[in-house]
Novice: 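The following block contains the structure, expressed as structure tokens.
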Amino acid sequence: MSYELRSLSLSGLLFAAALCMTAGQAFAWEVEIPQEEVQASVETMFPIRQQIPFATVVFSDPRVLIVEGSDRVRMGLAIDASFANQATAKGRAEIEGGLGYDPARGEFHLLRPAVAGLHFDGLPQEYLDLVRMMTNSITGELLGGIVVYRLDERDFRQGVMRRALKGVQIRDGKLIAELDW
């Protein structure tokens, strides 16, 4: 093979590689995260116990709900509360948050989780206010750190495509995260 032909072949190969790299950057990649995987990841954080001088609250039994047509994740929590006067109460909290993404770690997490509802039967207002305060505290401090899903670095495609989150949607009961290629 002549020098010019080898040079032309090498130039063509480099040009084709450059085109592939440029075209690859224009594509996005979707990660499907089933509700079961989100549930399993969230369960590892519970139970959570918070204690202050006049009350102890235990948050447990998280139930993740992915709602079609929304880009938010909902979670129900069981709450067991006991107070200094020996009163006890059981109830549920509804937490809702968006989905955030940390490209450096390849992790999806709850973004700005907030208490959407608090349900107790027959709990006096002053106790309900105390439980609400503790629930808001747990939601802001701990639940924003829950890793909903982590990209697998051993998977070449997932390892390469960790740059940026373009968007999140919910389709067929799964979180669909679109990442830049």
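Sequential numbering from 1 along the given sequence is applied to the chain's residues. Because only heavy atoms are used, hydrogens play no part in the values below, and waters and symmetry mates are left out as well, while side chains stay in.
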Novice: Once side chain to side chain contact (heavy atoms under 4.5 Å, CB included) is applied, do any residues pair with Q51, and if so which ones, sequence neighbours excluded?
Specialist: R49, T56
Novice: Any ring-ring contact (aromatic ring centres under 6.0 Å, His included) involving residues 50-75? Give me the pairs, sequence neighbours left out, ordered by first then second residue.
Specialist: none
Novice: Minimum heavy-atom separation for P62 and F46, please, with both atom names.
Specialist: CG-CD1, 3.5 Å
Novice: Do I138 and V58 share a hydrophobic cluster (ILVMFWY, side-chain heavy atoms under 4.5 Å, transitive)?
Specialist: no
Novice: Do other residues, nucleotides or ligands put more than 12 heavy atoms under 6.0 Å from N85 CG?
Specialist: yes
Novice: What pair of heavy atoms forms the shortest contact from V64 to Q35, and how long is it?
Specialist: O-NE2, 2.7 Å
Novice: Enter the distance from Q39:CD to I66:CD1 here, rounded to the nearest 0.5 Å.
Specialist: 9.5 Å
Novice: From E94 CD over to L118 CG, what is the distance, rounded to the nearest 0.5 angstrom?
Specialist: 9.5 Å
Novice: Should I95 and L111 be counted in the same cluster of Ile, Leu, Val, Met, Phe, Trp and Tyr side chains packed under 4.5 Å apart?
Specialist: no
Novice: Any idea which heavy atoms bring Q50 and M134 closest together, and the distance?
Specialist: OE1-O, 2.9 Å
Novice: Just how far is it from atom OG1 of T135 to atom CD1 of I79, taken to the nearest 0.5 Å?
Specialist: 4.0 Å
Novice: Counting heavy atoms not belonging to R112, are there more than 12 under 6.0 Å from its CZ?
Specialist: no
Novice: Pick out which of D80, L123, D121 makes a side-chain contact (heavy atoms from CB on, under 4.5 Å) with K90.
Specialist: D80
Novice: Going by ring-ring contact (aromatic ring centres under 6.0 Å, His included), name the pairs with one or both residues in residues 69-99, residues two or more places apart or in two chains.
Specialist: F83-Y127
Novice: Drop me the distance from L77's CG to T139's OG1, to the nearest 0.5 angstrom.
Specialist: 7.0 Å
Novice: Under 3.5 Å, side chain of S41 to main-chain N/O of V38, donor-acceptor pair present?
Specialist: no
Novice: Of all the heavy-atom pairs spanning M75 and V42, show the shortest one and how long it is.
Specialist: SD-CG1, 3.5 Å
